[in-house]
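Residue numbers begin at 1 in each chain, while the letters A, B, ... track the order of the sequences.
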Number of protein chains: 2
Amino acid sequence: MNLPPLAQAFVLHFGEMGSRWGINRTVGQIYALLYVSPRPLNAEDIVDALGVSRSNVSMGLRELQAWNLVLPKHVPDDRRDHFTTPDDVWQILRTLAEERKKREVDPTLSVLRELLMQEPGNDADRHAQARMAAMHGMIESLTTWYDDVKRLESERLAALLALGARVTKLLEAKDRVVGLVRGKKEA
Amino acid sequence: MNLPPLAQAFVLHFGEMGSRWGINRTVGQIYALLYVSPRPLNAEDIVDALGVSRSNVSMGLRELQAWNLVLPKHVPDDRRDHFTTPDDVWQILRTLAEERKKREVDPTLSVLRELLMQEPGNDADRHAQARMAAMHGMIESLTTWYDDVKRLESERLAALLALGARVTKLLEAKDRVVGLVRGKKEA
DNA sequence: CAGTCATTTCAGAATTTTCTGAAAGTTAGG
DNA sequence: CCTAACTTTCAGAAAATTCTGAAATGACTG
């Protein structure tokens with residue numbers, strides 16, 4: 001590997017974290033490399049920078065494109081494919097959330113739905129189904145919320161996060177108002 | 001494996017999803033089994049239900065306890081250790097979020113902080129550092145928000161999610177009010 | 001404190017995942 | 001179409017992870 005020190009440390013870290021994030025070391029490193037690179041890189045550049053085989057880079061790029069984390073970017077007068085990462089970090093976050101949901105949550109949601117349709121044959125399954133219903137309800141709320149929030153543009157999303165749990169304060173205020181109105185009506 | 005059909009399907013699914021969730025098949029299955037079980041189970045119960053080795057169960061339980069997803073629960077007049085999962089699904093969500101943050105986000109945040117302290121030695125590293133700063137900022141907002149929200153009790157958290165992106169409406173309303181006040185002051 | 005029951009540890013077997021080099025496939029230009 | 005540049009595929013090697021059985025450890029009881 002042959003990179004400036006800070007870039008290298010970043011790339012190595014992403015390689016190490018890869019397995020915890022559900023990708024492999026090479027994929028993590030390729031992503032990190034493209035992320036800090038000032039210009040699109042071609043496969044050979046990546047081979048040189050990381051010291052892994054050409055075929056490994058090819059597979060890694062394929063996976064990253066499947067995740068929508070890396071985009072092909074045509075460079076004029078060069079036949080070779082070049083690649084970059086989108087540079088809006090909020091967009092990256094949205095992409096990551098979307099893809100992880102697709103891989104890690106959706107399959108479970110659909111299995112739960114299916115199992116909740118079935119008729120339990122005994123007490124054990126009746127209890128199991130009740131537990132599944134609880135889990136299903138929670139995941140459902142979570143994904144409904146997510147479907148709502150994912151549409152926010154970067155700036156608004158950042159604002160929402162900045163607000164933090166002070167949202168709760170707004171909620172409380174709203175509750176008070178609603179309570180007040182109800183009180184008046186009932187009075 | 002010897003379980004009622006719905007419980008079995010659930011357990012098998014968790015086993016399959018395990019690798020995507022960063023745990024192994026047995027760990028996924030043990031969790032699922034305890035989750036749907038109407039009472040705490042001991043290690044031998046788990047061996048019987050899942051058909052894996054005793055030692056594998058021991059290691060799996062250890063990992064699940066490290067994740068705080070499974071708790072030892074003493075059963076009177078029984079020498080053996082028994083285990084359960086907490087049953088509030090919102091509590092489970094909080095635990096999961098906390099542990100995944102600890103494993104998947106915190107190490108990166110600390111590496112980023114460290115690398116941002118260093119003096120870049122050339123233009124490439126200067127650019128790399130700028131990109132890292134962008135990523136750091138995004139993760140920081142995210143974790144600040146999370147630190148806020150994780151304190152909410154289950155009921156309030158559910159309410160927040162139920163509100164969804166309508167929070168944005170509140171934000172807009174707030175912006176309008178603030179704008180109004182500013183306008184008045186300036187007038 | 002010997003014996004039994006329960007749990008953990010750990011070395012190596014089994015399995016799965018990752019990575020490579022060679023071969024096949026694809027595309028643009030002559 | 002032929003060739004050269006580039007990319008992908010894929011079988012098997014290498015590495016990492018998961019799982020097991022045997023042995024060690026711990027802890028309660030008579």
Side-chain angles (χ1 to χ4, degrees), chain A residues 1 11-12 14-34 40-67 69-84 103-104, chain B residues 1 11-12 14-34 40-67 69-84 103-104:
Chain A
M1 188 175 299
V11 164
L12 289 176
F14 267 59
E16 282 160 18
M17 294 299 286
S19 55
R20 300 196 195 185
W21 296 337
I23 58 178
N24 65 43
R25 187 170 31 140
T26 309
V27 171
Q29 291 186 350
I30 294 174
Y31 179 78
L33 178 64
L34 292 175
L41 300 181
N42 65 48
E44 206 55 47
D45 295 334
I46 298 173
V47 167
D48 294 343
L50 303 183
V52 297
S53 74
R54 180 65 183 75
S55 52
N56 199 2
V57 168
S58 178
M59 287 165 138
L61 285 169
R62 199 136 74 87
E63 180 165 355
L64 285 166
Q65 285 172 278
W67 277 83
L69 285 172
V70 156
L71 301 169
K73 174 120 193 180
H74 190 74
V75 167
D77 301 326
D78 194 330
R79 225 176 109 181
R80 294 167 298 178
D81 296 340
H82 288 67
F83 301 90
T84 8
R103 289 167 173 76
E104 301 180 12
Chain B
M1 188 176 300
V11 164
L12 289 176
F14 266 59
E16 281 160 18
M17 293 300 285
S19 56
R20 300 196 195 184
W21 295 337
I23 56 177
N24 65 41
R25 187 169 30 136
T26 309
V27 171
Q29 290 186 349
I30 294 173
Y31 180 78
L33 178 63
L34 292 175
L41 300 182
N42 64 49
E44 205 55 47
D45 294 335
I46 299 173
V47 167
D48 293 344
L50 304 181
V52 297
S53 74
R54 181 63 184 74
S55 53
N56 200 2
V57 169
S58 177
M59 287 164 137
L61 285 170
R62 200 135 74 88
E63 181 166 355
L64 285 167
Q65 285 172 277
W67 277 82
L69 284 172
V70 157
L71 302 169
K73 174 122 194 178
H74 191 72
V75 167
D77 300 328
D78 193 331
R79 234 172 101 184
R80 295 167 297 178
D81 297 342
H82 288 67
F83 301 90
T84 8
R103 288 167 174 74
E104 301 180 12

- Task: Hey, which sits more toward the 5' end of DNA chain D by its nearest nucleotide, A:S55 or A:D78?
- Result: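 Upstream on the strand: A:D78.
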
- Task: Using heavy atoms to find the nearest nucleotide of DNA chain D for B:G51 and A:Q65 separately, return the residue whose nucleotide is more 5′.
- Result: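 Going by which nucleotide is closer to the 5' end, it is A:Q65.
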
- Task: Enter the distance from A:T84:OG1 to A:L69:CG here, rounded to the nearest 0.5 Å.
- Result: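 If we round to the nearest 0.5 Å, A:T84:OG1 and A:L69:CG are 12.0 Å apart.
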
Please classify the nucleic acid contact of [X] as base, sugar-phosphate, or nothing, using heavy-atom distances under 4.0 Å.
X	answer
B:R54	base
B:R62	sugar-phosphate
A:R79	base
A:N24	sugar-phosphate
B:T26	sugar-phosphate
A:D81	sugar-phosphate

Could you tell me the separation between the [atom1] atom of [X] and the [atom2] atom of [N], rounded to a whole number of Å?
X	N	atom1	atom2	value
A:I30	D:dT7	CD1	C1'	14 Å
A:N42	D:dT7	CG	C1'	12 Å
A:I46	D:dT7	CD1	P	10 Å
A:E63	D:dT9	CD	C1'	16 Å
B:L61	C:dT9	CG	P	13 Å
B:D45	C:dA6	CG	C1'	13 Å
B:N56	D:dT17	CG	P	16 Å
B:H74	D:dA27	NE2	C1'	13 Å

- Side chain of B:R25: nearest nucleotide among D:dC19, C:dT20, D:dG21?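 Closest nucleotide to the B:R25 side chain: D:dC19.
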
- Item | Heavy-atom donor-acceptor pair, A:H82 side chain to A:R80 backbone, under 3.5 Å |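 Yes, because the side chain of A:H82 sits within donor-acceptor range (under 3.5 Å) of the backbone of A:R80.
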
- Item | Whether A:R103 side chain and B:R20 backbone form a donor-acceptor pair below 3.5 Å |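 A pair under 3.5 Å: no.
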
- B:S53 side chain N/O closer than 4.0 Å to the phosphate oxygens (OP1, OP2) of D:dG21?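 For D:dG21, OP1/OP2 do not have a side-chain N/O of B:S53 under 4.0 Å.
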
- Query: Given C:dT8, is OP1 or OP2 found less than 4.0 Å from the side-chain N or O atoms of B:S58?
  - Reply: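 Yes.
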
- Message: Here's a test of your reading of the structure: between B:M59 and B:E44, which maps to the more 5' nucleotide of DNA chain C?
- Response: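 The answer here is B:E44.
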
- Assign the ring pair A:F14 / A:W21 to parallel, tilted or perpendicular, where the plane angle (0 to 90°) is split at 30° and 60°.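 Judged by the thresholds at 30° and 60°, the geometry between A:F14 and A:W21 is perpendicular.
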
- Task: Looking only at non-hydrogen atoms, find the nearest pair between A:P40 and A:K73 and report the distance.
- Result: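 Looking at all heavy atoms of both residues, the closest pair is CG-CG, 3.8 Å.
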
